[in-house]
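The block underneath contains the structure these notes are about, expressed in structure tokens.
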Amino acid sequence: MRILIHAPEAPRWQETLRRELRPTLPNASIVTTQEAGEGPADILVVWKPPASLLACQDASLKAIFNAGAGVDALLSLPGLPDVPIVRLRDAGMGALMADYALYGILHFYRDMDRYRQQQLEHHWQEQPLDDRSAWRVGIVGLGTLGQACAQRIRAQGFEVQGWSRSEKHIEGIKTHHGDTGLTTLLNTSRVIVSLLPDTPGTRWLLDEQRLAQLPEGAVVINAGRGTTLDPDALLGLIERGHLRGAMLDVFPDEPLPAQHPLWQDPRVIVTPHVAAPTDVSAGARQFAADILALTRGESLDTVDPATGY
Ligand code: NDP
Ligand code: OXD
């Protein structure tokens, strides 16, 4: 079996895959494109591969392993071979994403935005502290990472609700789905944390009309994909005083263009797509287990190209 890796930190993926697979697949060749170049493989482990790497695959290719959670970049490539696609499922990202979401919620809930402004003005004034119950959190995209965030935020004493495509039942979390479900969630959340993938069904979902459904003073956190939220509409609602602020990790164009007004606005925290970096060791362990399952003929948890995630 030939496993070809094309991803950031490829030697670390290689080292962990070799260690995990050696006992069962001692003859597997596990190489990186840096050392072996592009060529046909049985398994590809890739993050944003060049189309040329896909073009040189043949009938021996059995699966593509996407070295991240979002598959939008991979699915958009021309000539994507028709084989199962496996993505990272949590693999250490859930805890990091929950840190990110919690930081954003606490930043606004504990008035750090206002204290920062007061500091700039040398102004000493205590802000009245809301009860946590006034800060219901809505998770938009209640998948692997959304659920990890929901559980941690709830454990911190916040009421949490979530929205997904399919109907869900999760203990302690109020769940919504469908169009009316999204309206209800937006109407009743003081903070939303969006963790949606980029798919034909989610693109520009959080537009001006939907963001305006949030109550006055609400806060928006987006760490899913930038194409799911209209940044100009968000900024307009902040400027008009309807929304209080935002923390954004993802943008329609990355890096966020230098002249974009989001950089300047003190009510917006901009981070450079770092909410939940891939944990290579955990990711490679998941992929090794999946590759072994594949060799045993077991079915894998794969991406559905029809829905795009
Ligand atoms: P999942 O596929 O597990 O979850 C996606 C969620 O979105 C599911 O709840 C799904 O609903 C929901 N969803 C998808 N399409 C729709 C739709 N049309 N309407 C309503 N809900 C929809 O993904 P993960 O939780 O693992 O990751 C989420 C995203 O986070 C990734 O796709 C990636 O873009 C982003 N990400 C960002 C990182 C960062 O550092 N900023 C790091 C890692 C990931 P259902 O449950 O019904 O299927
Ligand atoms: C991912 C990401 O999808 O890093 O894994 O955004």
Side-chain angles (χ1 to χ4, degrees), residues 7-9 13 45-48 65-76 85-101 103-104 138-152 160-170 173 175-186 192-207 210 221-229 246-252 254-256 269-280 282-284 286-287 301-309:
E9 301 187 75
W13 283 97
V45 174
V46 292
W47 180 247
K48 298 185 177 171
F65 286 73
N66 181 68
V71 288
D72 43 302
L74 183 64
L75 293 186
S76 71
I85 296 171
V86 178
R87 67 181 193 97
L88 287 181
R89 302 177 298 274
D90 194 311
M93 285 185 279
L96 295 172
M97 193 58 94
D99 287 346
Y100 186 88
Y103 176 88
I139 312 279
V140 183
L142 203 48
T144 309
L145 300 182
Q147 290 187 40
C149 290
Q151 297 299 357
R152 176 99 79 82
V160 181
Q161 54 183 344
W163 184 73
S164 53
R165 195 165 61 88
S166 56
E167 191 174 353
K168 288 196 194 312
H169 300 280
I170 305 172
I173 313 282
T175 54
H176 307 271
H177 67 286
D179 261 7
T180 52
L182 181 56
T183 300
T184 306
L185 178 132
L186 293 173
I192 57 163
V193 178
S194 181
L195 290 167
L196 287 170
D198 171 27
T199 75
T202 62
R203 213 152 294 149
W204 311 121
L205 185 86
L206 296 171
D207 58 7
R210 289 218 172 81
I221 298 174
N222 187 18
R225 279 292 181 266
T227 49
T228 62
L229 182 149
M247 182 161 88
L248 305 174
D249 190 51
V250 288
F251 304 88
E254 295 182 8
L256 179 65
I269 301 173
V270 169
T271 53
H273 202 136
V274 291
T278 299
D279 175 337
V280 174
Q286 180 209 304
F287 283 175
D301 185 349
T302 56
V303 169
D304 176 3
T307 55
Y309 69 100

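Computed over heavy atoms, backbone and side chain alike; hydrogens, waters and symmetry mates excluded. Numbering of residues begins at 1 and proceeds along the displayed sequence. Whatever order the structure lists them in is the order used to number ligands and atoms, beginning at 1.
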Nearest protein heavy-atom contact for atom 18 (N) of ligand 1: which residue, which atom, what distance?
-> Gly201 O, 3.6 Å
When you measure from the side chain of Arg87 to the backbone N and O of Val303, does any donor-acceptor pair fall under 3.5 Å?
-> no
Is there at least one pair of N or O atoms, one from Arg225 and one from ligand 1, spaced under 3.5 Å apart?
-> yes
If you measure every N/O of Arg87 against every N/O of ligand 1, is any gap under 3.5 Å?
-> yes
Trp163 (side chain) donor-acceptor with Gly178 (main chain) under 3.5 angstrom = yes
Can you find an N/O atom of Ala276 closer than 3.5 Å to an N/O atom of ligand 1?
-> yes
Taking distance alone, with no angle check, do Thr199 and ligand 1 share an N/O pair under 3.5 Å?
-> no
For ligand 1, is any non-hydrogen atom under 4.0 Å from Met93's backbone (N, CA, C, O), its side chain (CB onward), both, or neither?
-> side chain
Less than 3.5 Å between some nitrogen or oxygen of Leu145 and one of ligand 1, yes or no?
-> yes
Would you mind listing which atoms of ligand 1 come within a distance below 4.0 Å of any non-hydrogen atom of Val250?
-> 41 (N)
Flag Gly143 as yes when one of its N or O atoms lies below 3.5 Å from any N or O atom of ligand 1, and as no otherwise.
-> yes
With only distance considered, is Lys168 within less than 3.5 Å of ligand 1 through an N or O on each side?
-> yes
Polar contact flag for Ala223 and ligand 1 (N/O pairs, less than 3.5 Å) | yes
Indicate yes or no: does an N/O atom of Leu142 lie under 3.5 Å from an N/O atom of ligand 1?
-> yes
For the residue pair Phe287 and Phe65, categorise the inter-ring angle as parallel (less than 30°), tilted (30 to 60°) or perpendicular (more than 60°).
-> perpendicular
Arg152: what forms a side chain to side chain donor-acceptor pair (under 3.5 Å) with it, not counting sequence neighbours?
-> Asp99
State whether the shortest distance between N or O atoms of Thr202 and N or O atoms of ligand 1 falls below 3.5 angstrom.
-> no
Can you produce the list of protein nitrogen or oxygen atoms under 3.5 Å from a nitrogen or oxygen of ligand 2, alongside each distance?
residue, atom, partner, partner atom, Å
ligand 2, 3 (O), Ala69, N, 3.3
ligand 2, 3 (O), Gly70, N, 2.6
ligand 2, 3 (O), Arg225, NH2, 2.8
ligand 2, 5 (O), Ala69, N, 2.7
ligand 2, 6 (O), Arg225, NH1, 2.9
ligand 2, 6 (O), Arg225, NH2, 3.2
ligand 2, 6 (O), His273, NE2, 2.6

